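The structure displayed is predicted, hence computed values, not measured ones. Numbered from 1 within each chain, the chains take letters A, B, ... in sequence-line order.
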Amino acid sequence: MGSCLCKEKKRRRRRWSDEQQQQQSADDQADPCDSRRPVSSISGRLIIDHELPLPTRTARTAAVPCPLTIDHLVLETLSVIRTLVENEQEPPASMIKLHVIADKEEGWLALVTSMVRVIPLEDPLGPAVITLLLDDCPLPTRESVLRLALLFNLSAERSEEGRRFPMQQRNICVVLGCIAEKMAGPNSIAILTKGTLDYLITNLLAFQKEDMNPSVILFSLVALEKFAQTTENKMTIQRYLKEYETNPLLGLEQWIGNPDYVKRQVGFCAQWCLDNLFLVEGRPFSFNCVDLSNINVMLNTKDVSEYLKISPNGLEARCDAFSFESVRCTFQVDEGIWYYEAEIVTPGVMQIGWATRDSTFLNHEGYGIGDDEFSLAYDGCRQLFWHNARCEAQSRQCWRPGDILGCLLDLEKPEICFYVNGQPLGSSTHVTSNNNVFKSARSGFFAAASFMSFQQCKFNFGSSAFKYPPVDRKFKSFNEHAHLDAEDKKILPRHIRLEQLRKLSVRDDSCTLCFDDYASVQLTPCGHRGFCGNCAKQLAECPMCRATIKEKQPCERFRSATQE
Amino acid sequence: MCSLPRRIIKETQRLMQEPVPGISAVPDDNNARYFHVIVTGPEDSPFEGGLFKLELFLPEDYPMSAPKVRFITKIYHPNIDRLGRICLDILKDKWSPALQIRTVLLSIQALLSAPNPDDPLANDVAELWKVNEAEAIRNAKEWTRRYAMDN
């Protein structure tokens, strides 16, 4: 399960809507105070300076457990979340309790401040868990969010003072990003006060002094990006950035390819922002500058779920969305032995491997590569192989930034092998023989990967030398055999792409469902027309009258002028 | 992003050119499948005068499956729960690919005019709606005033 996190949530939502009554009564019975544990049992784990003010006693209502209890639940959620891999697994009790607590305004505030206090900087799933917990809580009211802003008390000074507490600062930025995204619109505008903006931009500027933890800079940048989803905020941020002689993002962009993997993420995000959101006059778009002469295979911008960010050279990808984002490469292989490598930039959940065209990207349901019968992937964070949404554990350490995942597809045998830094992962052949991806497909494979929130990696399809080429068999690299036209190599910024798409016109004899193909099918017995063969194939009943379809007959082209 | 299906482009163009009265649906700058929606509370309903924000998302297999729609503004309504999820047949088993974003939003607006406490999603609300409609309507008006009028 791609992102078990996303999936867990979606599944639970389904249950809510299907069995609303039961859930409702369960909610009513669950008493958040049940979760109280002796404080002593957790004190050892809370080696944290309480720099952030706790909600005051008078502000808390009786229903909200004490902050230490909430801290404990948050840490428990963080520690069990990576074990959630089964589709039918219940969400952890700690998470359910937190949701009950966050249902009330005071509880929500207590949860947010707790996450800021205790989510450790180094946990690879930390920011994703903040996102997940906030995403599953009822949306806060405008008042709650404004109260939170007061509690954070953000300003340029706070950014300066906060440098001693990078963990809290990073978490504050993650929280701001989540709220900006979830409350896009007037509420997002209300939170982006001068203080918030001063705080975030001062965080960015600190890169010059080297006294700021790069994670804080990274998530400040991500927060700004999410605020900019609301157009008015985007303009406010633009105006603010223009006041600087040199736009701070231009400085951060220099961190692309930095040997420090966090700085490298900052560089990636800064470049993405400069190309997509906060354009700077006189700066050419990256896709116009990058040298692609040696690159014949890329991540396919036409075969990717909607939020994944792809670098201008088409080889590096990053997800900053809630969803589980997936992509395939441009080159398809049908026979022979093939190998590629992925350099791990972030140590969180990614599922990297092989997929055919039939593998679907259900990013919002949390399904990705390895979650259907047409794909097989390795997730080195949770150390699991994935095929057909089933996983198999690998006894290895969690992968680390800089690790190289090698992916070998041998269609002669057939088998798929994975390597971390040249070391073969034991039971991959076991997985392939048991859950056989080759039963579903013997050809038509692509390199493919899925990314949880805030994850990034860089692919090498052979345009540079492989770090750990397999020695036990002769393989081919995509780059030697593929070809891309110059036009197809352009990774266009989103606004340019969307603009191009919107200009598209539609013929009036197109299918009334997809507008892609000619309307050429008539349904019987109801007689309705206006559908193409491909759409008709997917219909069980008539879209117009819901009559059961007996036959789908070819007919003359249907003009839709009368349709609307 | 995936190449955007023509169907979505076409619907978006039409929503922009001929907006539905009382409903605004604007695609997100970064994601053409995600719409920011505002529905005005219908006249002669307890929601009159309110502006209700919703989010609408077109899944990968749209229009073969229904859009995912959710209220973001809190609302007191027997068919809408506290997380904003909507109980409406055309969003579930009665979906048809011939329906569109605009027809979906019109149906939701109609649901505000005609709450259906016999097919509830928010149980406590539905219960009150059945046993004491006057009080339920007072609550709905109060929530509208409190949550849907601040902007």
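- Counting heavy-atom neighbours within 6.0 Å of A:E232 CD, excluding the residue itself, gives a total of 12 or less.
- Both the backbone and the side chain of A:C535 have a heavy atom closer than 4.5 Å to some heavy atom of chain B.
- For the atom pair A:C514 SG and B:I8 CD1, the distance stands at 11.5 Å (nearest 0.5 Å).
- Of the atoms belonging to A:I310, not a single heavy atom falls under 4.5 Å from chain B.
- Rounding to the nearest 0.5 Å gives a distance of 9.0 Å between CG of B:N31 and CD of A:Q229.
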Test side-chain contact (heavy atoms from CB on, under 4.5 Å) applied to A:E541 and B:S96, step by step:
CA-CA 9 Å; A:E541 55 180 41; B:S96 151; over 6 Å; no

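- Note that the CZ atom of B:F57 and the OG atom of A:S323 stand 7.5 Å from one another [nearest 0.5 Å].
- For B:K94, the parts lying under 4.5 angstrom from a heavy atom of chain A are both the backbone and the side chain.
- Residue A:L139 touches chain B through its side chain alone, counting heavy-atom pairs closer than 4.5 Å.
- Atom CD of A:E306 sits about 9.5 Å away from atom CG of B:L58, to the nearest 0.5 Å.
- Only the side chain of B:P63 has a heavy atom closer than 4.5 Å to any heavy atom of chain A.
- A distance-only check finds a donor-acceptor pair linking the side chain of B:K53 to the backbone of A:A184 [under 3.5 Å].
- Between B:R7 and A:D516 the shortest side-chain heavy-atom distance does not fall below 4.5 Å.
- If you measure heavy-atom distances from A:K234 to chain B, the contacts under 4.5 Å come from the side chain alone.
- With rounding to the nearest 0.5 Å, the separation of CZ in B:R33 from OH in A:Y307 is 10.5 Å.
- The distance from the CG atom of B:L99 to the CG atom of A:L513 is 10.5 Å, given to the nearest 0.5 Å.
- Of all non-hydrogen atoms in A:R546 and B:W95, the two that sit nearest each other are NH1-O, 3.8 Å.
- Looking at A:L539 and B:M64, their side chains come closer than 4.5 Å, going by heavy atoms from C-beta outward.
- The two atoms that bring A:P543 and B:A98 nearest to each other are O-CB, 3.4 Å, heavy atoms only.
- Heavy-atom contacts from other residues, nucleotides or ligands closer than 6.0 Å to NZ of B:K141 number 12 or fewer.
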